[in-house]
Amino acid sequence: MSKENKRKEINKNGVSQVVIKSVKGQAVSDREVYAINNQEIEGLLPVEVIKKGNSFKLIYNLTGLMTLSDFLLTPMNRESFARLLQNILEVLKGMQKAYFNQHALNMNLDSVMINPAKQRLLFMYIPIQAYDGGSSLRAFLLEIIQAGSFVKEDDSDYVKEYIRILNEGINFSVFELEEYIKRLVSEDGYRTNKNMLCHKCGTQVRSGAKFCSVCGAKLSDVTENADNAKLYNPLVSAEPAQTVAKEEEGSSAGCSTATQGLYRQSEECGGTTLLGYTQPKYPYLIREKTEEKIVIDRNEFCIGKSRQNCNYSVTDNSAVSRQHAQIISRDGRCYIKDLNSTNKTYVNERAIEEEELTSGAKIRLGNERFIFYIE
């Protein structure tokens with residue numbers, strides 16, 4: 001075991017860093033630093049080395065990243081679990097190829113980071129000669145299964161098999177992990193034809209998927225009418241769970257005023273016709289708990305638990321404030337602003353006051369989770 005190195009976390013002026021100080025007798029590996037900073041091994045965080053006399057500091061920039069422990073709060077399905085393990089495997093194989101010391105890889109849930117935009121794992125590697133941080137691959141993989149939560153599926157045997165493999169012995173090899181991932185992916189039924197590749201980022205997606213799990217793009221082989229997500233449209237004023245389909249039903253008893261200006265009424269309300277109107281494309285949210293699709297169709301869109309004062313009401317979560325956050329469209333860009341909420345607004349697990357949104361951004365209001373998309 002190496003001597004204890006002091007670690008310090010610094011958050012200042014919007015910049016988040018981890019600083020690790022050397023101890024007497026330690027030497028930095030210039031070869032490893034060069035390989036890391038030239039991205040010869042994918043998945044290792046760049047490191048800045050500041051030398052002073054016989055001592056040095058290692059500085060890692062974590063700005064815009066989230067910890068793996070926070071990421072695991074979101075339930076995983078078989079696909080996302082396989083992708084997580086594939087990320088780990090790629091880093092380990094890259095290290096083996098470059099003759100890096102696996103014991104110098106910082107493997108714990110609060111040190112491993114996630115790039116929210118790319119959904120990629122990023123590890124802190126400690127480029128100190130003969131360093132041993134005491135990390136165990138098997139212990140790290142067990143931590144993931146203990147801290148993670150999983151979507152309830154008909155077949156959860158893959159989780160049981162994972163636990164069984166880890167508990168078979170003290171040592172766990174990269175080869176065993178690779179073989180397990182191969183079985184996991186083949187059982188998951190990924191399609192290999194190009195119709196199931198994301199047209200935006202090229203990621204292979206699961207059969208039946210409607211949105212790319214990496215960049216959030218709507219998949220090109222899914223028609224508008226095939227969208228099974230519950231759809232919330234704020235033009236329907238009463239209940240947040242109503243759908244556009246219900247809005248368009250019409251009846252002879254009376255006409256909705258919500259769509260006046262978009263539709264011209266024929267002689268009878270049941271015969272509403274669309275005259276020269278093209279439906280614009282709006283950004284939208286997917287509420288993870290209910291899978292509702294929430295269309296952001298106005299420049300200032302308020303979310304909270306108040307039915308009277310919000311465009312979308314979260315009525316079943318006391319952690320959400322009456323007027324919690326506002327999504328603002330400005331100069332062709334979208335921003336989210338916290339409205340002095342009690343439990344704060346988070347974008348990609350970072351508390352914000354106002355933040356620009358990109359497609360695929362994860363939004364959390366207290367503990368209520370949404371994903372933001374732009375078509």
Side-chain angles (χ1 to χ4, degrees), residues 73-75 116-117 151 209-213 215-219 222-249 256 258-259 261-262 279-330 332-339 341 343-349 352 354-375:
L73 295 174
T74 302
V151 175
K210 297 178 178 61
F211 298 93
C212 175
S213 57
C215 70
K218 192 167 185 178
L219 300 181
V222 180
T223 63
E224 290 291 329
N225 293 332
D227 192 348
N228 291 324
K230 300 171 188 175
L231 183 62
Y232 168 75
N233 190 320
L235 290 176
V236 184
S237 57
E239 294 295 326
Q242 291 188 46
T243 63
V244 166
K246 186 172 181 179
E247 176 189 17
E248 294 175 353
E249 282 175 1
S256 168
T259 55
L262 303 185
Q279 178 69 35
K281 290 186 177 180
Y282 296 111
Y284 58 94
L285 299 170
I286 298 293
R287 185 182 177 190
E288 290 191 0
K289 183 191 293 185
T290 61
E291 297 184 346
E292 291 172 68
K293 181 177 179 181
I294 306 163
V295 179
I296 313 298
D297 72 335
R298 57 196 66 200
N299 291 335
E300 294 182 354
F301 189 94
C302 185
I303 304 173
K305 64 184 178 186
S306 170
R307 290 181 181 270
Q308 289 76 27
N309 301 314
C310 294
N311 303 113
Y312 178 78
S313 302
V314 181
T315 57
D316 57 351
N317 190 336
S318 60
V320 176
S321 296
R322 292 182 63 81
Q323 291 177 283
H324 197 111
Q326 188 177 55
I327 295 178
I328 303 166
S329 298
R330 184 192 308 141
R333 298 172 180 265
C334 288
Y335 303 82
I336 186 166
K337 180 180 179 181
D338 182 73
L339 300 178
S341 63
N343 293 313
K344 298 184 179 180
T345 299
Y346 297 81
V347 175
N348 297 325
E349 294 303 324
I352 59 95
E354 182 170 334
E355 181 86 0
E356 184 175 355
L357 294 171
T358 57
S359 191
K362 295 181 183 295
I363 297 172
R364 178 159 63 86
L365 310 184
N367 59 6
E368 188 71 42
R369 297 176 183 276
F370 303 83
I371 304 177
F372 176 82
Y373 290 118
I374 300 175
E375 288 191 351

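When reading the values below, keep in mind they use all heavy atoms of this one structure, side chains included, and skip hydrogens, waters and symmetry mates.
For the atom pair N309 CG and R307 CZ, the distance stands at 12.5 Å (nearest 0.5 Å). Between the CZ atom of R298 and the OG atom of S329 there is a distance of 11.0 Å, given to the nearest 0.5 Å. For the atom pair OH (Y282) and CG (D297), the distance works out to 5.5 Å, reported to the nearest 0.5 Å. Separation of atoms CZ (R287) and CD1 (I294) is listed at 7.0 Å; rounding is to 0.5 Å. Distance check: S321 OG to I303 CD1 gives 12.5 Å after rounding to the nearest 0.5 Å. In this structure, CD in E355 is found 10.0 Å from CD1 in I363, a value given to the nearest 0.5 Å.
Take D338 and apply the side chain to side chain contact (heavy atoms under 4.5 Å, CB included) test, not counting sequence neighbours, and it matches H324, S341, T345. Residues satisfying the side chain to side chain donor-acceptor pair (under 3.5 Å) criterion with R322, sequence neighbours excluded, are absent altogether. When the salt bridge (Lys or Arg N to Asp or Glu O under 4.0 Å) test is applied to E354, the partners found at least two apart in sequence or on another chain are R330. Applying the side chain to side chain donor-acceptor pair (under 3.5 Å) rule to S318 yields no partners; only residues at least two apart in sequence or on another chain are considered. With sequence neighbours left out, the side chain to side chain donor-acceptor pair (under 3.5 Å) criterion links E300 to no other residue. Residues forming a side chain to side chain donor-acceptor pair (under 3.5 Å) with K337 (at least two apart in sequence, or on another chain): none.
Residues V320 and G304 come closest through the heavy atom pair CG1-CA, 3.9 Å. Considering every non-hydrogen atom in both N311 and C302, the closest pair reads OD1-N, 2.7 Å.
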Exercise for the section: Before giving the answer on side-chain contact (heavy atoms from CB on, under 4.5 Å), spell out for V314 and F370 the whole-Å C-alpha distance, their side-chain angles and the decisive distance to 0.1 Å. Expected result: CA-CA 12 Å; V314 181; F370 303 83; 4.1 Å; yes
Exercise for the section: Test K293 against I286 for side-chain contact (heavy atoms from CB on, under 4.5 Å), laying out the working first. Expected result: CA-CA 5 Å; K293 181 177 179 181; I286 298 293; 3.9 Å; yes
Problem - Trace of the side-chain contact (heavy atoms from CB on, under 4.5 Å) decision for L357 with V347 - result: CA-CA 8 Å; L357 294 171; V347 175; 4.2 Å; yes
Problem - Evaluation steps, side-chain contact (heavy atoms from CB on, under 4.5 Å), between L285 and Y312 - result: CA-CA 11 Å; L285 299 170; Y312 178 78; over 6 Å; no
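Counted by atom type alone, N317 and E368 present one or more donor-acceptor pairs between their side chains at under 3.5 Å.
You'll find the side chain of F372 stays beyond 4.5 Å of the side chain of I336, heavy atoms only. The side-chain heavy atoms of I327 and P283, taken from C-beta on, include no pair separated by under 4.5 Å.
Contact check on K362 versus E349 returns no salt bridge, with no Lys/Arg side-chain nitrogen under 4.0 Å from an Asp/Glu carboxylate oxygen.
Under the 30°/60° scheme for interplanar angles, the aromatic rings of Y284 and Y373 are found to be tilted.
In this structure a side-chain-to-backbone donor-acceptor pair under 3.5 Å is missing from N348 to A361.
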